[in-house]
Protein chains: 2
Amino acid sequence: MPGIHRLRNFVQSMTRLADRSPSEAEWLEEGGALLKSLIAHDDWLPEDLAKPGPTYRQYLLHCDPLERFSVVSFVWGIGQRTPVHNHKVWGLVGMLWGAEVSTTMHPVPGQPMRAGQVDHLSPGEVVGVGSGEDDAHWVTNALTDSASISIHVYGGNIGAISRHTFDPETSEAKPFISGYTNTVVPNLWDRSAEPAVMS
Amino acid sequence: MPGIHRLRNFVQSMTRLADRSPSEAEWLEEGGALLKSLIAHDDWLPEDLAKPGPTYRQYLLHCDPLERFSVVSFVWGIGQRTPVHNHKVWGLVGMLWGAEVSTTMHPVPGQPMRAGQVDHLSPGEVVGVGSGEDDAHWVTNALTDSASISIHVYGGNIGAISRHTFDPETSEAKPFISGYTNTVVPNLWDRSAEPAVMS
Ligand SMILES: [Fe+3]
Ligand SMILES: [Fe+3]
Ligand SMILES: [Mg+2]
């Protein structure tokens, strides 16, 4: 994609941020601003990592080598949604194409979960979520006629973190390690075809 | 590949080394020991990054996000060789499968280059090269009946560095940015299928 340097620049800025050992509030504020710039353009996401599949896709775009953060493309086909799940780490969600709806869910031991805040996300918008324990939610494509794509950033290697899904009828938690949909990630480092100005 | 954790562990150890801002001698000594461990097994290189092509392949395996080092799989088909070239940064070469021969070449302005040291590399061997100016060489597959593969580590994003190839007949230098053969690199970060012991 012609704009692949945007993703490379984002990864480099996030790495420099990580090297300063920021507080969670700093991660969310400074990382959120960087994510907002990234999703202000849509010419950088490689096609293979923008494709819907039989269930929602979670394509790793970049994982920090020390697993301090990860960047993931979530692709929602028509009618697709996540289970109710938690994260254990801070998260940032930026809407690239289409729209999604996130619904916070509070567990009530032995009983149905209680729905909380409902967030609608439109292209260009970014929301941050802290690493608090009570952060279960489910996310769904808000469009009924096309795929939607959001770019997520997490405070760890999200595909490898031991976390939980929840049964919304009983609030029962089950262990969950999401993994990733993709076995290869974009090569951001071949600058040989790019004008020097994009460095 | 079952041993992909070996490459992930190598990348993490090299990243921690980079974070200590080592001298070139430390890079070569400590990085060389890490590379020797990596190439002691051959169960970790993804198949797609071990395939020969019509010319020698330079598959990026990992680039440090701050471009302090890169890890590349060089695959030599039968009869394949590089042009005479320099590097501008330190390098480490570890032989994974097969064998290669590297010949140092000294430019002599307006005249044929003068051949210097000849190094034969066998599986499990690692050699280091400093970043001195006088480091032009050419490398060839030493096997006449099969492909050979070596794993290279460089003190920068080697595919993006402005360096030179040389005409061996005239010692004339030409600008050279190698790029990489591959547009995608392995996803090292999906631990969901691995026993916890490999972390
Ligand atoms: Fe989530
Ligand atoms: Fe070389
Ligand atoms: Mg030898």
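Note that the coordinates shown come from a computational prediction; the quantities given were computed from them, not determined experimentally. Labels below follow one simple rule: chain letters A, B, ... track the order of the sequence lines, proteins then strands, and each chain is numbered from 1. The figures here come from the full heavy-atom set of this structure, side chains too, leaving out hydrogens, waters and symmetry mates.
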Taking all non-hydrogen atoms of both residues into account, name the closest pair between [X] and [Y] and its distance.
| X | Y | value |
| --- | --- | --- |
| A:G31 | A:F10 | O-CE1, 4.4 Å |
| B:L96 | B:L45 | CD2-CD2, 3.9 Å |
| B:V185 | B:L60 | CG1-O, 3.5 Å |
| A:L92 | A:G128 | CD2-CA, 3.8 Å |
| B:I39 | B:M95 | CD1-O, 3.4 Å |

At a 3.5 Å cut-off, give me the donor-acceptor pairs between chain A and chain B, one pair per line with the distance.
unit_1	atom_1	unit_2	atom_2	d
A:Q12	NE2	B:P65	O	2.8
A:Q12	NE2	B:E67	OE1	3.0
A:P65	O	B:Q12	NE2	2.8
A:E67	OE1	B:Q12	NE2	3.0
A:E67	OE1	B:R191	NH2	2.8
A:E67	OE2	B:R191	NE	3.0
A:E67	OE2	B:R191	NH2	3.3
A:N157	ND2	B:W189	O	2.9
A:Y180	N	B:D190	OD2	3.0
A:N182	O	B:N187	ND2	2.8
A:T183	O	B:N187	N	2.9
A:V185	N	B:V185	O	2.7
A:V185	O	B:V185	N	2.7
A:N187	N	B:T183	O	2.9
A:N187	ND2	B:N182	O	2.8
A:W189	O	B:N157	ND2	2.9
A:D190	OD2	B:Y180	N	3.0
A:R191	NE	B:E67	OE2	3.0
A:R191	NH2	B:E67	OE1	2.8
A:R191	NH2	B:E67	OE2	3.3

(request) Identify, with sequence neighbours excluded, every residue that meets side-chain contact (heavy atoms from CB on, under 4.5 Å) alongside A:A142. (result) A:A99, A:V101
(request) Go through A:P186, A:P65, A:P46 and name the one with the most non-hydrogen pairs under 4.5 angstrom from chain B. (result) A:P65
(request) Among A:L66, A:I177, A:L188, A:V11, single out the residue with the greatest number of heavy-atom pairs under 4.5 Å to chain B. (result) A:L66
(message) Tell me which one of B:L61, B:I158, B:L35 satisfies side chain to side chain contact (heavy atoms under 4.5 Å, CB included) with B:V71.
(response) B:L61
